[in-house]
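Here the structure is laid out as structure tokens; the discussion comes afterwards.
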Amino acid sequence: MGLSDRDQDLIAALAEGLPTSPRPFDEIGRRVGLSEAEVIARLERLRDAGIISRFGVIVRHHELGYRANAMAVWDVPDALVDSLGKAMRCEPDVTLCYRRVRRPPVWPYNLFCMIHGRDRRAVSLTVRELSRRYGLDDYPHEVLFSRRRFKQRGAAYGRDRLQDRRSEPGTEGARP
């Protein structure tokens, strides 16, 4: 499917995220010369064509007062990891929970859980509570606190954004 100039303008306008307004597609439409209905119809067509797969939210935890972030990892039996992950991802303090392949002998863990908290103590308490609640106390685990914060941003689409991203330090040769 070829992209019209109007589609490319729309995708580029979305790259900075949806406006926080009651009618974000109307606002985006005004920026690119489309009605709200045209924006929605084009986005549906782009989605159906596989050009846009989804809209996601980037939560900037630090700006919301969450200063401590940790990846809690456990080495649990493979037969339990899927059910544990499905249950734990519903916990309010868990933002990601997923399975990864072990890399023994260096990395024996297969259950990963990202937890954000206002401070390290709160995150540590959450990890202990999750371990207790889900019967994980007897399994090897680690709590890996973040030491650096990386810039959070959405995907880069469109000609101008692709060029901007390729010129950023550390992104030489980046692809969309």
By side-chain hydrogen bond (donor to acceptor under 3.5 Å, both in side chains), which residues pair with S21, not counting sequence neighbours?
->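 S21 satisfies side-chain hydrogen bond (donor to acceptor under 3.5 Å, both in side chains) with E27 only.
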For S131, which residues count as a side-chain hydrogen bond (donor to acceptor under 3.5 Å, both in side chains) partner, sequence neighbours excluded?
->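 In terms of side-chain hydrogen bond (donor to acceptor under 3.5 Å, both in side chains), with neighbours along the sequence ignored, S131 is linked to W74.
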Applying side chain to side chain contact (heavy atoms under 4.5 Å, CB included), name anything that partners [X], two or more places apart in sequence or on another chain.
X	answer
S146	N69
R147	none
E129	R132, R133
R23	D26, E36

Could you pull out every donor-acceptor pair under 3.5 Å between side chains of residues 79-87 and any protein atom, sequence neighbours left out?
residue : atom : partner : partner atom : Å
D82     : OD1  : R99     : NH1          : 3.3
D82     : OD2  : R99     : NH1          : 3.4
S83     : OG   : L80     : O            : 3.1

Take N110 and V101 through the side chain to side chain contact (heavy atoms under 4.5 Å, CB included) test and state the conclusion after the steps.
-> CA-CA 6 Å; N110 60 343; V101 176; over 6 Å; no
All pairs passing side-chain hydrogen bond (donor to acceptor under 3.5 Å, both in side chains) where residues 135-145 contributes a residue, at least two apart =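 Applying side-chain hydrogen bond (donor to acceptor under 3.5 Å, both in side chains) to every pair that reaches into residues 135-145, excluding sequence neighbours, yields Y109-E142.
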Please assess L34 against R42 for the test side chain to side chain contact (heavy atoms under 4.5 Å, CB included), listing each intermediate value before the final yes or no.
-> CA-CA 10 Å; L34 297 169; R42 282 177 184 268; 3.7 Å; yes
Pairs meeting criterion salt bridge (Lys or Arg N to Asp or Glu O under 4.0 Å) with involvement of residues 101-111, two or more places apart |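 Salt bridge (Lys or Arg N to Asp or Glu O under 4.0 Å) check on residues 101-111 returns D75-R102, D78-R102.
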For [X] and [Y], work out which heavy atoms get closest and say how close.
X	Y	answer
A68	V123	O-CG2, 3.7 Å
I28	G17	CD1-O, 4.4 Å
A70	V143	CB-CG1, 3.7 Å
G29	V39	CA-CG2, 3.4 Å
V106	P108	O-CD, 3.7 Å
E38	S35	OE1-N, 2.7 Å

Test salt bridge (Lys or Arg N to Asp or Glu O under 4.0 Å) applied to E44 - qualifying residues, sequence neighbours left out |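 With neighbours one apart ignored, the set is empty.
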Do the side chains of [X] and [Y] join up, straight or via other hydrophobic residues, at under 4.5 Å, putting them in one cluster?
X	Y	value
L3	I40	yes
L136	L96	no
F145	L130	yes
I115	M71	no

Mind checking whether I11 and I51 have side chains closer than 4.5 Å, heavy atoms only?
->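 Of all side-chain heavy-atom pairs linking I51 with I11, at least one is under 4.5 Å.
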Using a 4.5 Å cut-off on heavy atoms from C-beta on, say whether the side chain of V73 contacts that of C113.
->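 They are not in contact (no side-chain heavy atoms under 4.5 Å apart), so the answer is no.
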State the CD-OG1 distance between E91 and T126, to the nearest 0.5 angstrom.
->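 Rounded to the nearest 0.5 Å, the CD-OG1 separation comes to 9.0 Å.
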How about Y66: does its OH atom have over 12 heavy atoms from other parts shown lying under 6.0 Å from it?
->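 No.
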Counting distance only, does the side-chain N/O of D93 pair as donor-acceptor with the main-chain N or O of H116 below 3.5 Å?
->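 Not confirmed, D93 side chain does not pair with H116 backbone.
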For the side chain of R6 and the backbone of G33, is there at least one donor-acceptor N/O pair under 3.5 Å apart?
->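 Yes.
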Sequence neighbours excluded, every pair satisfying ring-ring contact (aromatic ring centres under 6.0 Å, His included) that has a member inside residues 82-103 =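 Matches after skipping sequence neighbours: Y98-F112.
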Where do D9 and R31 land on the side chain to side chain contact (heavy atoms under 4.5 Å, CB included) test, with the steps shown first?
-> CA-CA 9 Å; D9 290 344; R31 291 183 200 168; over 6 Å; no
